Structure formats: structure tokens, C-alpha cells
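The structure under discussion appears below in the form of C-alpha cells.
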Amino acid sequence: MPNTDAAGAVTVAERVAAHIRELCLPHAYSDVAEHVTASIGVATWQPTKSEVPSVLIEAADKALYAAKHSGRNRLVAFSLPIETETAAQS
């Protein structure tokens with residue numbers, strides 16, 4: 001999402017997770033919850049001329065797996081360069 005800062009990206013991700021929860025879609029085979037949940041990884045980045053977009057994709061992937069490994073149904077956000085991690089349960 002161009003021109004979106006970390007707080008804005010997290011807000012969008014939180015809204016997506018909330019809408020998924022509101023749907024209450026049954027998940028009969030889940031060990032985590034009776035309904036479908038979302039683990040979301042968010043990454044934000046101010047690119048320089050020497051960086052390539054794959055850096056952002058890799059950071060978002062790492063954030064997603066951090067969310068899954070921290071208990072699922074979570075949101076983890078990284079801002080590049082990765083200095084700190086922000087985790088929140090959705």
C-alpha cells in the first residue's frame with residue numbers, strides 16, 4: 001500500500017482480522033479455534049535506490065511466520081530496517 005506508514009498498515013491488517021472474526025466461519029479441523037482466524041504479517045519500508053522490492057516481501061514473510069509461531073491468530077509488524085518487533089493478538 002503506497003504512502004502508508006507502519007501504523008496505517010497495522011490498522012488495515014487489524015480491520016481485516018476483525019472482519020474475518022465477524023464472519024464466524026466454522027473451522028471444524030482447527031486445533032486453534034472453532035472459527036477461521038487470521039495470522040497476519042505486516043512489513044513497511046522506505047526504499048532507497050539500492051534496495052529491491054524482494055526485501056519488503058521477505059520481511060512480510062518473516063512477520064507472517066513470526067505471527068504463526070507466536071500462537072496463531074496474531075498480527076506481527078516489522079518496519080525496515082528491522083530493529084524491533086511489534087506483536088499483538090487479534
Side-chain angles (χ1 to χ4, degrees):
M1 298 180 302
N3 302 314
T4 305
D5 64 6
V10 167
T11 297
V12 170
E14 288 172 339
R15 287 180 184 164
V16 169
H19 286 296
I20 291 170
R21 278 193 308 276
E22 289 170 7
L23 290 171
C24 292
L25 299 171
H27 197 317
Y29 303 105
S30 173
D31 294 334
V32 178
E34 293 180 7
H35 296 94
V36 173
T37 62
S39 294
I40 300 174
V42 173
T44 56
W45 172 51
Q46 285 289 2
T48 65
K49 290 181 182 183
S50 64
E51 294 176 313
V52 294
S54 61
V55 171
L56 178 63
I57 295 167
E58 183 178 330
D61 189 56
K62 286 180 181 179
L64 172 60
Y65 280 93
K68 288 182 176 186
H69 291 295
S70 68
R72 304 223 176 177
N73 194 30
R74 308 278 177 164
L75 166 65
V76 172
F78 292 150
S79 292
L80 297 176
I82 297 174
E83 295 172 359
T84 60
E85 176 182 332
T86 303
Q89 182 173 358
S90 296

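As the structure is a computational prediction, the values presented were derived from the model and not from experiment.
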Exercise for the section: List for me each residue that meets side-chain contact (heavy atoms from CB on, under 4.5 Å) alongside I57, sequence neighbours excluded, and say none if there are none. Expected result: none
Handout entry: Stepwise side chain to side chain contact (heavy atoms under 4.5 Å, CB included) test for V36 and L23
Key = CA-CA 9 Å; V36 173; L23 290 171; over 6 Å; no
Handout entry: Residues in side-chain hydrogen bond (donor to acceptor under 3.5 Å, both in side chains) contact with T44, at least two apart in sequence or another chain
Key = S79
Problem - K68 side chain reached by L64 side chain, heavy atoms, under 4.5 Å - result: yes
Scan the side chains in residues 2-11 for donor-acceptor partners under 3.5 Å anywhere in the protein, sequence neighbours excluded, and list what turns up.
{"from": "T4", "atom 1": "OG1", "to": "M1", "atom 2": "O", "distance (Å)": "3.2"}
{"from": "T4", "atom 1": "OG1", "to": "P2", "atom 2": "O", "distance (Å)": "3.3"}
{"from": "D5", "atom 1": "OD1", "to": "A7", "atom 2": "N", "distance (Å)": "3.4"}
{"from": "D5", "atom 1": "OD1", "to": "G8", "atom 2": "N", "distance (Å)": "2.7"}
{"from": "T11", "atom 1": "OG1", "to": "A7", "atom 2": "O", "distance (Å)": "2.9"}

Fill in the blank from the handout: In terms of heavy-atom contacts, I20 and A38 come closest through CD1-CB, 3.7 Å
Handout entry: Over all atoms of both residues, closest heavy-atom pair of W45 and V52
Key = CH2-O, 3.4 Å
Exercise for the section: Using the rule that two of Ile, Leu, Val, Met, Phe, Trp, Tyr join whenever any of their side-chain heavy atoms come within less than 4.5 Å, decide whether Y65 and V16 are in one cluster. Expected result: no
Handout entry: Where H35 and H27 come nearest, the two heavy atoms and their spacing
Key = C-CB, 3.7 Å
Problem - Minimum heavy-atom distance A59-F78, with the two atoms named - result: O-CD1, 3.5 Å
Problem - side-chain hydrogen bond (donor to acceptor under 3.5 Å, both in side chains) involving S54 - partner list, sequence neighbours excluded - result: none
Practice task
Could you tell me which residues satisfy side-chain contact (heavy atoms from CB on, under 4.5 Å) with T37, sequence neighbours excluded, listed by chain and number?
Solution key: A33, N73
Exercise for the section: Applying side-chain hydrogen bond (donor to acceptor under 3.5 Å, both in side chains), name anything that partners E58, two or more places apart in sequence or on another chain. Expected result: K62
Problem - Minimum heavy-atom distance L56-L80, with the two atoms named - result: CA-CD1, 4.0 Å
